[in-house]
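Values reported hereafter were calculated over all heavy atoms of this structure, with side chains retained and with hydrogens, waters and symmetry mates removed.
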Amino acid sequence: MTSELSKQYDPKITETKWQQYWENQEIFTANPEKGGETYCIVIPPPNVTGSLHMGHAFESSLIDTLVRYKRMTGKNTLWLPGTDHASIAVQAILDRQLKAEKTDRYQLGREKFLERAWQWKEESGSTIVNQLRRLGVSVDWTRERFTMDEGLSHAVRTAFIKLYEDGLIYRGQYLVNWCPESRSAVSDLEVENKDIEGNLWYFRYPLSDGSGYLQVATTRPETMLGDTGVAVNPQDPRYRHLIGKTVTLPIMGREIPIIADELVDPEFGTGCVKVTPAHDPKDFEMGKRHNLAFINIMNLDGSLNENAGIFVGQDRFVARKNVVKKLDEDGFLVKIEAYRHSVPYSDRGKVPVEPLLSTQWFVKIEPLATKALTCLDQENSPRFVPERWTKVYRDWLVKLKDWCISRQLWWGHQIPAWYIISETNNEITNHTPFVVAQDETSALAKAKQEYGEDIIIQQDPDVLDTWFSSGLWPFSTMGWPEKTLDLDTYYPTTTLVTGFDIIFFWVARMTMMAGYFTGQMPFKDVYIHGLVRDENGKKMSKSANNGIDPLILIDKYGTDALRYTLIREVAGAGQDISLQYNRKTDESESVEAARNFANKIWNASRFVMMNLEGKTPEELGEPVLENLELADRWILSRYHQTVQKTRDYLENYGMGEAAKGLYEFIWRDFCDWYIELVKTRLWKDKESVSCATARQTLAFILAGTLKLLHPFMPHITEEIWHHLTQENQQVLALETYPIADSSLIDLDLENTFELLIESIRVLRNLRAEAGIKPGATITAILQTENSQELAILQRGQVYLKDLAKIENFILTAKLTEEVNQAIAGVVATVEILIPLSGLVDISVLAGKLAKNLAKVEGEIKSLSDRLNKPSFVEKAPEALIQKTKQALAEAEKQAQILQERLKRLH
């Protein structure tokens with residue numbers, strides 16, 4: 001590879017090239033036989049139905065930064081990729097397709113439906129995987145897993161069987177979240193609460209003894225058909241005398257008891273609530289406590305069943321209107337109030353969830369949670385970053401209820417239980433016997449042994465909750481339950497990087513499953529990141545239609561630019577970030593700034609390589625200490641301090657801070673200053689030791705900087721590094737991450753050099769303000785009584801002269817006479833003057849300064865008037881008041897500078 005870079009950086013060409021190369025050459029394939037300390041992350045598996053969204057891009061960028069860094073520090077690294085089968089999402093897609101074809105899965109049949117599902121997965125399920133590839137993630141694609149591949153399916157069946165045989169899985173009738181659209185139980189994670197404008201209906205329930213009535217309020221009138229009680233708070237004096245009596249349920253005509261329960265809020269409605277144990281979670285608990293009847297009035301499709309009397313067959317929302325109408329006609333409706341309340345919706349089915357009494361499979365959670373709690377309390381395992389999430393995780397484990405793991409779907413892991421049926425009766429009830437086994441052959445053999453030879457078996461049609469299989473993900477992906485080399489080498493994994501929103505649903509599932517099946521927590525650390533919010537600071541969501549497509553930004557600015565932006569915006573672990581984005585133009589100022597950073601690196605690298613005379617850093621050798629000049633020692637000190645800080649940040653999950661620090665070093669110290677400082681040395685005498693040292697230092701710093709930056713911006717650094725080193729075999733991704741040489745860190749030197757940099761900056765600004773032509777040389781007077789500053793300026797006068805184009809340099813402790821017609825600035829205690837006579841038209845400059853002064857004085861008056869208004873001070877937010885005061889102080893300082901400059905000119 002040649003050492004010359006193209007004039008323009010094209011991220012599309014570079015990024016595609018290296019993504020393909022890394023994968024084709026299997027650069028990131030882990031080797032368990034390599035030995036050494038391991039570093040392992042399993043990817044939070046995206047849904048196979050998904051497309052890349054900004055959350056994926058953010059999370060994957062964070063993980064890849066960590067993984068690439070650890071790999072470069074010599075760890076035996078594995079980042080294992082894969083996808084989740086997403087039962088509900090896939091089934092919803094296929095159901096829509098079948099509906100468009102004027103059929104459904106029931107007409108198609110289970111076998112044909114699953115054939116179609118697998119076909120869809122093969123054709124469309126790789127979309128998000130290919131999009132992840134565009135992020136340049138350094139995963140081991142040879143180990144890619146899918147939660148329904150054969151190995152993981154075997155692990156799921158094994159886990160189910162063990163939990164069942166250990167008495168931790170049972171089948172029973174309980175209240176679950178039911179989605180009438182998908183006709184399946186759904187987990188809490190698959191439920192989204194939406195605030196809606198609804199109604200609160202008030203009804204009279206007559207006392208059975210004819211002595212009056214109770215008034216109840218409800219948001220779901222249709223469920224009153226299944227009422228089996230009315231509840232009041234035992235401390236409510238209004239109803240205490242009625243406890244133990246009965247009311248006659250309108251329409252249905254049955255007597256139901258009045259019970260007392262602490263769960264009732266006396267402030268809600270009338271303080272008197274209807275109890276429908278089969279259709280409300282709180283009522284379910286009350287029903288169990290008070291031995292109430294459980295009457296299910298609903299079919300699986302959301303229509304009412306035979307227990308609903310005259311409303312049988314009606315859709316639940318149609319029945320709602322008709323129940324209210326009937327109660328009104330019968331004189332039981334009191335009033336209707338507008339009422340805004342939260343309604344749980346099925347995330348996939350997009351319809352309100354129905355609490356439904358249903359026979360399902362459950363896992364007894366307490367034994368699993370106890371193991372996870374013991375590891376947390378005794379070993380602080382796993383360790384949460386930030387630490388505040390530890391309490392959230394712990395509190396949730398303590399409050400856990402048994403886990404409903406069955407779903408009434410066809411796509412997924414079918415429950416490995418087979419019912420014993422007969423040729424004449426294949427109806428499955430709560431009392432139908434069953435056996436649990438790995439496959440049908442084993443199940444039949446087991447059933448015959450227990451129930452005799454002349455039997456028929458039928459597998460449970462339900463599938464397992466997706467979280468059951470993903471709960472096994474950290475170890476099932478490595479071959480569990482078999483004893484594999486991968487499992488022995490890389491498990492437990494090192495870090496889990498995930499969002500706070502699935503601590504309960506996924507993180508806790510993994511810790512409980514891992515604790516039970518492996519005896520260890522599945523990861524040492526859990527790094528909790530925040531959300532990517534939109535340009536207005538709002539959470540991105542499909543319903544709000546405010547998502548930002550990362551692929552649009554990648555196409556416009558490049559992958560590295562987007563990755564770097566997302567990481568750099570992280571203010572601290574767990575903090576949300578906002579991404580600036582113009583929806584009309586699909587432009588982002590922050591990502592554009594990162595693209596400009598990439599261009600800056602490219603152009604600086606191109607300049608450096610053009611001045612190395614075709615030699616590589618290795619051929620040039622490292623800078624010789626005794627040949628180093630002041631600027632060389634300064635940049636080496638800054639470099640090694642940056643190395644140390646970057647490593648410290650990355651070791652402690654400070655990816656955002658590390659990215660900001662690298663930006664400052666690369667853009668300011670290296671590109672803006674050091675390269676400028678050595679240009680004269682490079683061009684003046686190419687055979688000198690000074691020139692050779694400058695080349696060595698440039699090459700050394702550039703090579704090290706590319707390594708430092710690689711985990712954040714892998715594509716551009718890989719490309720430049722190959723040109724710089726002329727390397728055709730080894731990749732930068734496998735190079736050793738820089739280690740700081742503390743002997744070369746000189747903080748005193750860095751502080752003193754800042755005086756030179758600020759002096760050059762002030763001189764340049766003064767030249768620009770005075771309108772001095774760029775090519776003109778000047779006289780500069782630098783005055784300070786501080787002997788240390790004098791010494792620094794004396795040592796660095798070559799840089800001052802060179803970069804500020806000073807012909808006559810005067811450094812003095814005290815001015816012997818006043819310098820008139822000059823423009824002046826200050827750095828620390830150094831006064832910097834540039835005499836202007838003969839360089840510019842003094843009267844024109846004075847007019848310009850006077851105009852600027854008038855503008856600033858107008859701003860001072862406006863800000864002062866605002867702060868003197870009582871209405872502003874009393875009503876404005878404190879942050880705005882402080883911002884206004886700060887603006888006034890800055891304006892007053894600017895006015896003082898302009899006044900002094902005008903005075904000196906005259």
* salt bridge (charged side-chain N to carboxylate O under 4.0 Å, His left out) evaluation trace for Lys326 with Asp330 -> CA-CA 6 Å; Lys326 175 66 174 169; Asp330 293 349; 3.6 Å; yes
* Are any side-chain N or O atoms of Arg105 and backbone N or O atoms of Trp410, one a donor and one an acceptor, separated by less than 3.5 Å? -> no
* Side-chain donor-acceptor pair under 3.5 Å between Trp403 and Asp465, yes or no? -> yes
* **Under 3.5 Å: donor-acceptor pair, side chain of Gln360, backbone of Tyr174** => no
* Is the backbone N or O of Ile43 less than 3.5 Å from a side-chain atom of Trp473, with the two atoms forming a donor-acceptor pair by type? -> yes
* To do: Report the residues that fulfil side chain to side chain contact (heavy atoms under 4.5 Å, CB included) with Ala369, sequence neighbours left out, ordered by chain and then residue number.
  => Ile365, Leu397, Leu400, Met512
* To do: Quick one: closest heavy-atom pair of Ala278 and Ile295, and the distance?
  => CB-O, 3.2 Å
* Structure fact -> Closest heavy-atom pair, Pro206 versus Pro250, reported as atoms and distance to 0.1 Å, is CD-CG, 4.2 Å
* Asked: Has the side chain of Thr83 got a donor or acceptor atom that lies under 3.5 Å from a matching backbone atom of Val48?
  -> no
* So, Tyr345 versus Asn193: side-chain donor-acceptor pair below 3.5 Å or not? -> no
* Exercise: identify the closest heavy-atom pair between Leu152 and Thr147 -> CD2-CA, 3.6 Å
* For the side chain of Asp301 and the backbone of Ser303, is there at least one donor-acceptor N/O pair under 3.5 Å apart? -> yes
* Gln215 side chain vs Tyr205 backbone, donor-acceptor pair below 3.5 Å -> no
* **For Phe203, the option from Val334, Val323, Thr218 that meets side-chain contact (heavy atoms from CB on, under 4.5 Å)** => Thr218
* Asked: Checking Trp411 side chain against His85 main chain: does a donor-acceptor pair fall under 3.5 Å?
  -> yes
* Side chain Asn233, main chain Val264, donor-acceptor under 3.5 Å -> yes
* **NZ/NE/NH1/NH2 to OD/OE distance under 4.0 Å, Asp236 and Arg240** => no
* Gln408/Leu300 under side chain to side chain contact (heavy atoms under 4.5 Å, CB included): CA gap, chis, key distance, verdict -> CA-CA 10 Å; Gln408 288 62 55; Leu300 301 184; 5.8 Å; no
* For Glu440, does the CD atom sit with more than 12 other heavy atoms under 6.0 Å from it, leaving out its own atoms? -> no
* Do Asp104 and Lys99 sit within salt-bridge range, that is, some charged N less than 4.0 Å from a carboxylate O? -> no
* Asked: With distance as the sole test, does Arg110 use its side chain to make a donor-acceptor pair with the main-chain N or O of Pro461 at under 3.5 Å?
  -> yes
* For Lys364 and Glu366, what are the C-alpha separation, side-chain angles and deciding distance, and is it a salt bridge (charged side-chain N to carboxylate O under 4.0 Å, His left out)? -> CA-CA 6 Å; Lys364 291 181 182 177; Glu366 186 180 0; over 6 Å; no
* Any salt bridge between Glu181 and Arg183, counting N to O under 4.0 Å? -> no
* To do: Mind listing the closest non-hydrogen atom pair of His279 and Ile297 along with its distance?
  => NE2-N, 3.0 Å
* Scan Phe434, Phe362, Tyr170 and name whichever one has a ring-ring contact (aromatic ring centres under 6.0 Å, His included) with Tyr164. => Phe434
* Nearest heavy-atom neighbours spanning Glu262 and Pro234 -> OE2-CG, 3.5 Å
* Asked: Applying ring-ring contact (aromatic ring centres under 6.0 Å, His included), which residue pairs with at least one partner in residues 287-313 are found, sequence neighbours left out?
  -> Phe284-Phe294
* Asked: Between Arg407 and Asp462, does at least one N-O distance fall below 4.0 Å, as a salt bridge requires?
  -> no
* To do: Apply the test salt bridge (charged side-chain N to carboxylate O under 4.0 Å, His left out) to residues Arg116 and Glu101: give CA-CA distance (whole Å), side-chain angles for both, the deciding distance (0.1 Å), then the verdict.
  => CA-CA 14 Å; Arg116 183 160 178 158; Glu101 298 168 15; 2.4 Å; yes
* Pairing of Arg394 and Asp377 as salt bridge, 4.0 angstrom limit -> yes
* Sidechain N-carboxylate O distance under 4.0 Å for Glu197, Arg340 -> yes
* Asked: Hey, does the side chain of Asp261 reach the backbone of Leu263 with a donor-acceptor pair shorter than 3.5 angstrom?
  -> yes
* Asked: For the residue pair Pro367 and Leu168, what are the closest heavy atoms and their distance?
  -> CG-CD2, 3.6 Å
* Centroid-centroid distance, Tyr339 to Trp201, less than 6.0 Å -> no
* Give a yes or no on whether a salt bridge exists between Lys162 and Asp166, defined as a side-chain N under 4.0 angstrom from a carboxylate O. => yes
* Ion pair check, Arg220 and Glu354, cut-off under 4.0 Å -> yes
* Row check, Phe332 ring normal vs Arg204 NZ/CZ: under 6.0 Å, within 45° -> no
* Asp227: salt bridge (Lys or Arg N to Asp or Glu O under 4.0 Å) partners, not counting sequence neighbours -> Lys274
